[in-house]
2 protein chains.
Amino acid sequence: MADIADVARLAGVSTATVSRALNGKTASAATREKVLAAAAELGYVISSNASGLASGRTRHIGFMVPFIDRWFFTDLLTGIESVLLSQGYDVTLYDLQGNDSQRDQVFGSSLRRASIDGLIAASIELTGDEIRALRALGKPVVSIGGYIEGATAVDVDNARMATLATEHLLSLGHTRIAYVGAGRTIASAFQLGDARYDGWLSAMRAAGLDGEESGFWEADFDIPSGYAAAKALLAHDRPTAIFAASDEIGIGCILAARDLGLRVPDDLSVVGIDDHKLSAFFGLTTLAQDPAGQGRLAAHLLLAQLDNPGAAPEHRTLTPRFVVRSSTARPGGAVHGTA
Amino acid sequence: MADIADVARLAGVSTATVSRALNGKTASAATREKVLAAAAELGYVISSNASGLASGRTRHIGFMVPFIDRWFFTDLLTGIESVLLSQGYDVTLYDLQGNDSQRDQVFGSSLRRASIDGLIAASIELTGDEIRALRALGKPVVSIGGYIEGATAVDVDNARMATLATEHLLSLGHTRIAYVGAGRTIASAFQLGDARYDGWLSAMRAAGLDGEESGFWEADFDIPSGYAAAKALLAHDRPTAIFAASDEIGIGCILAARDLGLRVPDDLSVVGIDDHKLSAFFGLTTLAQDPAGQGRLAAHLLLAQLDNPGAAPEHRTLTPRFVVRSSTARPGGAVHGTA
DNA sequence: GTGAAAGCGCTAACAG
DNA sequence: CTGTTAGCGCTTTCAC
């Protein structure tokens, strides 16, 4: 494979000039053109190892997730890839799923081989050692949906989303609104169970209602779990509305209601959070999170920090978009309503 | 950050010895121990750039997919990561989704920066130029679910799976069995529409039935599309069973049947292919593909080729596992049956 | 704006 | 089994 010396020879310049021309540094237009032509003719591509060794930059970005087989994370990844690939960066995935040795491997070795220029970490809860390891890297980090000291952060206001969702239900006239999701006592890999629970509770209390009594039902963030919780809940003490901590939970609730012969939204309103791929199909009213957009933003912020290493970390909180569909209505099913 | 010379100094040996000890090459046990201790004390980690430049190996594996936001591909990825991370390899994702420039970027540049030791490509249909680019790399390639000349391949026999699924239905006594999926005329990113269609058709014909008449209904590989197709199909000329080209399509069919007041499996049997995460929840009978297992196998085969570059490419066809659940029964719903 | 030359940190012969 | 010695292919001062 052709190397930089071949290109230099063909273009009639030095290797230093080739390097500059290819990296957009100072070089006359004429020289740049010659170099580019020579490189194209030879099918030359920079060796990332050599370039990385000499410059300290690798054009690789790490993306760290607790697990990748979830809608939210794959959508983040799609967004991240779309901006990073187009900027000539590769993304290396660090999937912490699986045993702890996999996790230790990532922190102890993979991350430190200096093979990345920066890191995007999503919904990761770090140990003290891990935070130290990350800081020792001296590379920019942006965190999505979770706080990492010193890192730029992008997130959504989960408590606010939960409050909005609950208020939507309240404004329709519901007073018996159950919450299905992870509670404050549930350690969640998503780091958001608490906030959504709190948002629901505070909206209930602000309306003079006792949330805790109306019912908190625990569920994991998936359809079967939402289904099981709703089955139990609806058999128990039927509320007129459910606020689901995620759309997958919400879809499970809708399915459970159907199986019990209840009509949604006439007999039961359901609102979720996410705007999952399937939510439109199920007519689920929800607060859209747009993870692909979060991923794109995170990637841009990381790129900005790479260009400007001195800059202070930012904190961007995204505003969710309310998507009213057919799963919410006034109690009794009178009229479709909006917040 | 400490470099190899620091470790050598502390251990009282040469850098070459450090390198050997760390890479599991010839070194006395005593020396290795000293080196490991010194490395641990200094928090030393190999620089992948320097190591890669000197050795030509990077300990990075590429994983190429047409898009990543699908159950099948994320499960593949999970399987791949689990074996590769534990072997000290990082995986870099090449997501071809999006515009062609993203694709050109990957083939024209990312892949060729010599930043990977090997590639796993899933369900990728390559152009002639792309195949040439891949071969020029001279790195081992394993393809999952798609043929790439000269590459080791892991796949499932799609036609066989379709035949088995159809025969299951036939053995239960069904004769009017519709196929919902991509047909032979549909260009499929999954490269499997044809085979599944053919498998269904040949099973029907072998049973003396005319598949084409019983009905082929087109659908993409997702729930809403399966739902829409089933709605149309069931309104038209009702079969007693549906063979769905994927579980997501099958789930859509089940949902459509329910909405039409049909009981599954009494009024309609449905069988799919995949064993999607949600299939157990919906009671869908299916042929399990185990993508995580396919990913692990692909990773192991790639590792084997890395260890033994001379070996001829293999072709491993996996045997699907039949999972009979509650979505299939004799026509009329008499008795639950098995194949 | 461009060339010469000195590394970046490691591995791979080659001796011994 | 271990040390010495060249590079791997690029980037980056430093002159010019």
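In what follows, every chain begins at residue 1, and chains take the letters A, B, ... in the order their sequences are listed.
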Could you go through residues 290-299 of chain B and list every donor-acceptor pair under 3.5 Å that involves a side-chain atom there, pairing it with any protein atom two or more places apart or in another chain?
from	atom 1	to	atom 2	distance (Å)
B:D290	OD1	B:G293	N	3.1
B:Q294	NE2	B:Q289	O	2.9
B:Q294	NE2	B:Q289	OE1	3.1

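In this structure, A:L22 atom CG and D:dT11 atom P are separated by 8 Å, rounded to whole Å. We find that CG of A:N49 is positioned 11 Å from C1' of C:dC10, with the value rounded to whole Å. When the C1' atom of D:dT11 is taken as reference, atom CZ of A:R59 falls 14 Å away, rounded to whole Å. Rounded to whole Å, the distance from CG on B:D117 to P on C:dT11 is 13 Å. Taking atom CG of A:D6 as the reference point, atom P of D:dC8 lies 12 Å away to the nearest angstrom. Atom CG of A:L53 is separated from atom C1' of C:dT11 by 12 Å (rounded to the nearest Å). Spacing between atom CG of B:D3 and atom C1' of C:dG7 amounts to 13 Å, rounded to whole angstrom units. Rounded to whole Å, the distance from CZ on A:R9 to P on C:dT2 is 19 Å.
For the OP1/OP2 pair of D:dT11 and a distance below 4.0 Å, the side-chain nitrogens and oxygens of A:S19 include at least one atom meeting the criterion. Between B:S51 and C:dT11, a side-chain N or O to OP1/OP2 separation shorter than 4.0 Å is present. Between A:S47 and the phosphate of D:dG9, there is no side-chain N or O to OP1/OP2 separation shorter than 4.0 Å. Between B:N23 and the phosphate of C:dT11, there is a side-chain N or O to OP1/OP2 separation shorter than 4.0 Å. The shortest distance between the side-chain N/O atoms of A:R57 and the OP1/OP2 oxygens of D:dT12 is below 4.0 Å.
Between A:A16 and B:G12, the residue whose closest nucleotide on DNA chain D is further toward the 5' end is B:G12. Heavy-atom distances to DNA chain D give each of B:V13 and B:S55 a nearest nucleotide, and the one nearer the 5′ end belongs to B:V13.
Not a single side-chain hydrogen bond (donor to acceptor under 3.5 Å, both in side chains) links B:K25 to another residue, sequence neighbours left out.
Without hydrogens or angle criteria, A:R59 side chain to A:G52 main chain gives no donor-acceptor distance under 3.5 Å. At distances below 3.5 Å, not a single donor-acceptor pair connects side-chain atoms of B:D117 with backbone N or O atoms of B:I61. Remark: the backbone N or O of A:D6 is paired with a side-chain donor or acceptor of A:D3 at under 3.5 angstrom.
Between A:L111 and A:L119, the shortest heavy-atom distance links the atoms CD2-CG, 4.3 Å. The shortest heavy-atom contact between B:D129 and B:R132 is OD1-NH1, 2.7 Å. Taking both residues in full, the closest heavy atoms of B:Q97 and B:I68 are given as OE1-N, 4.2 Å, listed atom of the first, atom of the second, then distance.
Side chain of B:R20, nearest nucleotide from C:dA5, C:dC14, C:dC10: C:dC14.
Each end of the helix from C:dG1-D:dC16 to C:dG16-D:dC1 gets its own axis from five base pairs, and the two axes differ in direction by 20°, given to 10 degrees.
The ring-ring contact (aromatic ring centres under 6.0 Å, His included) contacts involving residues 46-66 of chain A comprise A:H60-B:H60, where partners must be two or more places apart or lie in separate chains. Here side chain to side chain donor-acceptor pair (under 3.5 Å) pairs that include residues 305-314 of chain B, with residues two or more places apart or in two chains, are B:T152-B:Q305, B:E314-B:R316.
Contacts of residues 25-39 of chain A with DNA chain D (heavy atom under 4.0 Å): A:K25.
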